[in-house]
Amino acid sequence: MEQMYERNGTLTLVSSATAIANNLSVQFAPQTKTAQTIAVIHEGYINVIPVYNSEIRAKYIPCVESGTKPRHVSTSVTQVMWCDVKRHQLLVVASSLGVQIFDEDGRVCKFSHPCVDMPDGGGNFARGLALIGHDMLCVGNSSGTIRIFHIPEDLDPVVKIDHKQVHKKAVTDIAASVTGGNLVVTADDSGELSLWRLERELHLVSMFPTFRYPCTSLKIWEGFILCAFGSGHIRVFGTKTLSLVCEVAAHARWITAADLAPDTGYFLSVSEDSFVKVWQISKRDGMVSLKFSAQVQDNLLVGGKFLCSGGEKFCVSTYESCNVICYCA
Amino acid sequence: MLNEKFLIQLFKPQTVYNKTALRKLFEDLAHASIMRLDEASMDKLYDLMIMAFKYQVLMARQPLELILITLNHVDAIRNFVSAPALQTQIDKTYTMLMQMYAHLSIGEMQNVKYSLLNFLQGHRVRVSVFLRHKVQNTDGTFVIPTSGPVPAGCEIPGCIRSFDPDGIVCQTTHFPAGGEYAAACEPGSTEMHGNRGTDLGCNIYTVPATTDMSPMNTYYGNNNPLENIGAVGNGAKYQDLEADEFLLGKEELNLLMAQLLGSQAEQKQGFGSKEIIRLSLFGLGEEKESNPTLQKEELESKNFIRIDARTRTSTAALEKVYDEMTMQNEELQQDEDKEQDLLDLLDSMM
């Protein structure tokens with residue numbers, strides 16, 4: 001294994017990264033394939049930090065119900081995602097308030113939905129975000145339900161298309177792919193993993209075997225479903241064969257986040273064991289090989305993302321730290 | 001602390017306490033005993049407690065271990081008490097804990113772990129015992145071990161398996177693990193009495209020994225609890241590093257419990273009950289029976305200090321504490337040095 005990456009800098013957050021899965025998101029510049037800003041959650045706030053461009057200012061966005069003042073922010077943000085919907089770039093936030101769609105700046109909340117099934121239950125939250133194609137937003141929640149919203153070009157109106165209880169426990173992550181006919185893969189806290197196809201509504205394609213530990217991070221790539229588990233395993237399933245193709249004992253502790261570089265099939269995993277590892281996924285047969293491994297000593301890693309679609313650069317975030325550590329090939 | 005009404009309130013679904021409320025709760029608990037702590041001492045005690053707990057949460061190798069850690073705490077309390085009524089109270093606590101957490105999935109427990117870590121975020125106090133055992137860095141962060149057993153249900157990193165369409169392994173390749181990890185141990189027991197399989201949540205001040213049999217030291221575990229965190233126990237007994245001083249600490253905790261439960265009993269009965277006093281005598285029950293004079297004195301007494309008097313001849317350190325306790329309140333407040341002594345027993349923090 002060659003050490004193909006080197007640590008090449010640190011980005012500084014306004015406030016430290018919260019312990020939560022997948023706590024790092026990237027905004028890519030429109031049309032280009034390079035990172036413009038990164039977002040890291042601190043409790044009810046979102047740190048938005050420029051990556052290379054010094055003209056962009058850092059932002060610190062409080063997540064509050066639209067129309068209220070951010071005096072006491074008691075929200076728990078669970079996931080953040082940027083998405084390109086037609087000509088717009090939108091910031092989608094999942095939290096204890098449900099789902100909110102902000103403009104690119106994170107200033108104006110354009111749409112919100114509580115995503116609650118049992119209003120009196122308490123402790124509700126939205127978690128799991130994915131964009132299907134160009135205009136379908138998929139949102140999971142704490143009771144295992146998935147909602148699909150259609151986002152028209154001018155955002156008016158955002159319409160809920162479907163709403164289906166797909167799991168018994170809280171959704172952990174969602175991934176989607178248009179190739180193979182709008183596939184959606186979902187995972188929950190109990191370790192269940194299922195594959196769906198979105199036509200007019202969601203249809204179950206297959207349930208995968210469970211491995212006791214939940215899958216915390218999901219990707220779909222070239223006919224393969226890539227899953228990172230709490231047990232430290234990475235598993236690859238075929239979307240056509242629906243069977244397990246490859247299994248990796250990757251980390252010694254919980255894998256907190258994973259990412260994929262679509263141009264090259266590089267797969268990134270970060271863990272509570274303080275290691276960040278980059279893997280190569282074979283486009284041909286879904287086999288996995290280790291490309292790079294580095295320890296960020298005594299850091300409980302909570303987020304990791306590639307900063308370009310070829311996977312030559314990536315960065316990782318750490319619980320209780322304002323430093324986002326960058327690596328470059 | 002394990003009062004049934006209090007527990008029922010505690011187990012009601014609710015958002016995480018804010019830090020001010022938690023701090024106030026512990027202040028009230030501490031001051032329910034004969035301990036009188038000034039602001040600085042209370043700060044130290046609170047920081048020590050928070051950091052020790054943060055260490056336990058961070059070092060839990062997988063989230064279900066949080067339940068085992070909690071049971072280690074409950075087991076320790078059980079070892080402090082001998083009265084059947086109090087044992088029942090602890091059994092009830094155990095049942096409530098298990099009802100609440102035993103059915104949760106690993107993923108749900110991971111959410112609990114995240115909530116706790118986020119509540120503890122920003123607490124970075126250096127604790128001498130952790131620094132001494134090299135489990136904490138000088139900047140207050142904890143060392144994340146790259147050795148020792150992996151969590152139950154996990155495997156040592158380093159193996160890639162490919163499967164054929166029939167689900168049979170057709171190729172296995174290996175890569176360096178990146179650490180000196182060992183295979184997973186048997187998961188700890190969540191039975192009422194059992195080997196928890198982890199030392200997290202046990203007394204961090206114990207060192208191995210062969211002779212001491214005091215109730216404080218009935219933990220089972222590896223030779224060095226801090227270097228083998230989370231390892232499955234081998235049945236060694238422990239002795240306190242500074243046994244004399246810890247006997248003092250033990251008495252303190254005893255009295256704290258007695259006082260807590262005492263105030264409840266007093267409300268019901270109008271005066272301190274005999275059972276409560278017994279509680280504070282733990283480990284000394286036989287002596288009590290052999291000494292009717294003291295027992296009589298004790299029965300008449302609502303004052304815990306007298307109970308302590310029975311042991312004052314046993315060690316010089318206890319003698320000293322006895323002297324402190326019998327002081328008038330004003331004197332106690334004046335004498336900050338002696339309060340400090342009491343706290344130094346719990347920890348010398350940096």
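Letters A, B, ... are given to chains in the order of the sequence lines, protein chains preceding strands, and every chain is numbered from 1.
Side-chain N or O atoms of A:Asn22 include one that pairs as donor or acceptor with a backbone N or O of A:Thr216 at under 3.5 Å. When atom types are taken as modelled, the side chain of B:Ser162 and the backbone of B:Cys170 share no donor-acceptor pair closer than 3.5 angstrom. A:Ser95 contributes no side-chain N or O that, together with a main-chain N or O of A:Val77, makes up a donor-acceptor pair within less than 3.5 Å. For B:Asp199 (side chain) and B:Cys202 (main-chain N/O), no donor-acceptor pair under 3.5 Å exists by modelled atom type. Between the side chain of A:Ser190 and the backbone N or O of B:Ser105, no donor-acceptor pair lies under 3.5 Å.
Contact annotation for B:Ile156: only backbone heavy atoms (N, CA, C, O) come within less than 4.5 Å of a heavy atom of chain A. Interface residue A:Glu272: backbone and side-chain heavy atoms are both found under 4.5 Å from chain B. No part of A:Arg235 comes within reach of chain B, as not one of its non-hydrogen atoms sits under 4.5 angstrom from that chain. In this structure, no portion of B:Thr173 lies under 4.5 Å from any heavy atom of chain A. With a 4.5 Å cut-off on non-hydrogen atoms, A:Ala252 touches chain B through its backbone and its side chain both. Residue contact with chain A, scored on non-hydrogen atoms closer than 4.5 Å, involves the backbone of B:His123 exclusively. Only the side chain of B:Leu64 comes within less than 4.5 Å of a heavy atom in chain A; its backbone stays farther off. For chain B, the nearby parts of A:Ser16 are the backbone and the side chain; heavy atoms of each come within less than 4.5 Å. With a 4.5 angstrom heavy-atom cutoff, A:Ala187 does not touch chain B via any of its atoms. Residue B:Tyr181 touches chain A through its side chain alone, counting heavy-atom pairs closer than 4.5 Å. Only the backbone of B:Ala152 comes within contact range of chain A, judged by heavy atoms closer than 4.5 Å. Only the backbone of A:Asn299 comes within less than 4.5 Å of a heavy atom in chain B; its side chain stays farther off.
Between chain B and the residues A:Gly123, A:Ser243, A:Ala250, the most heavy-atom pairs under 4.5 angstrom are made by A:Ala250. With respect to chain A, the highest number of heavy-atom pairs below 4.5 Å among B:Thr146, B:Ile106, B:Thr141 belongs to B:Ile106. Between chain B and the residues A:Val288, A:Asp188, A:Val302, A:Val248, the most heavy-atom pairs under 4.5 angstrom are made by A:Val248. In terms of non-hydrogen atom pairs under 4.5 Å with chain A, the most contact-rich of B:Leu117, B:Leu120, B:Leu104 is B:Leu117. Heavy-atom pairs under 4.5 Å with chain B were tallied for A:Gln295, A:His233, A:His42; the largest tally goes to A:His233. Comparing A:Asp285, A:Val245, A:Leu300 by heavy-atom pairs within less than 4.5 Å of chain B, the highest count is held by A:Val245. No other option in B:Arg124, B:Glu155, B:Gln110 has as many heavy-atom pairs under 4.5 Å with chain A as B:Gln110.
Residues A:Tyr266 and A:Leu260 are not in side-chain contact: their nearest non-hydrogen atoms beyond the backbone lie 4.5 Å or more apart. Taking the side chain as every heavy atom from C-beta outward, A:Val324 and A:Leu13 approach each other to under 4.5 Å.
The existence of a salt bridge linking B:Asp43 and B:Arg23 is confirmed by a sub-4.0 Å separation between a basic side-chain nitrogen and an acidic carboxylate oxygen. We find that A:Lys169 and A:Glu192 are not joined by a salt bridge, their nearest charged nitrogen and carboxylate oxygen being 4.0 Å or further apart.
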Subject >> Intermediate values then yes/no, ring pair (Phe, Tyr, Trp, His ring centres under 6.0 Å), B:Phe175 and A:Trp279 >> reply: CA-CA 11 Å; B:Phe175 61 89; A:Trp279 313 83; 5.2 Å; yes
Original post:
What's the verdict on ring pair (Phe, Tyr, Trp, His ring centres under 6.0 Å) for B:Tyr55 and B:Phe142, showing C-alpha distance, side-chain angles and the deciding distance?
Top reply: CA-CA 7 Å; B:Tyr55 176 73; B:Phe142 287 106; 5.2 Å; yes
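Side-chain contact of A:Thr18 with A:Glu43: a donor-acceptor pair under 3.5 Å is absent, judged by distance alone.
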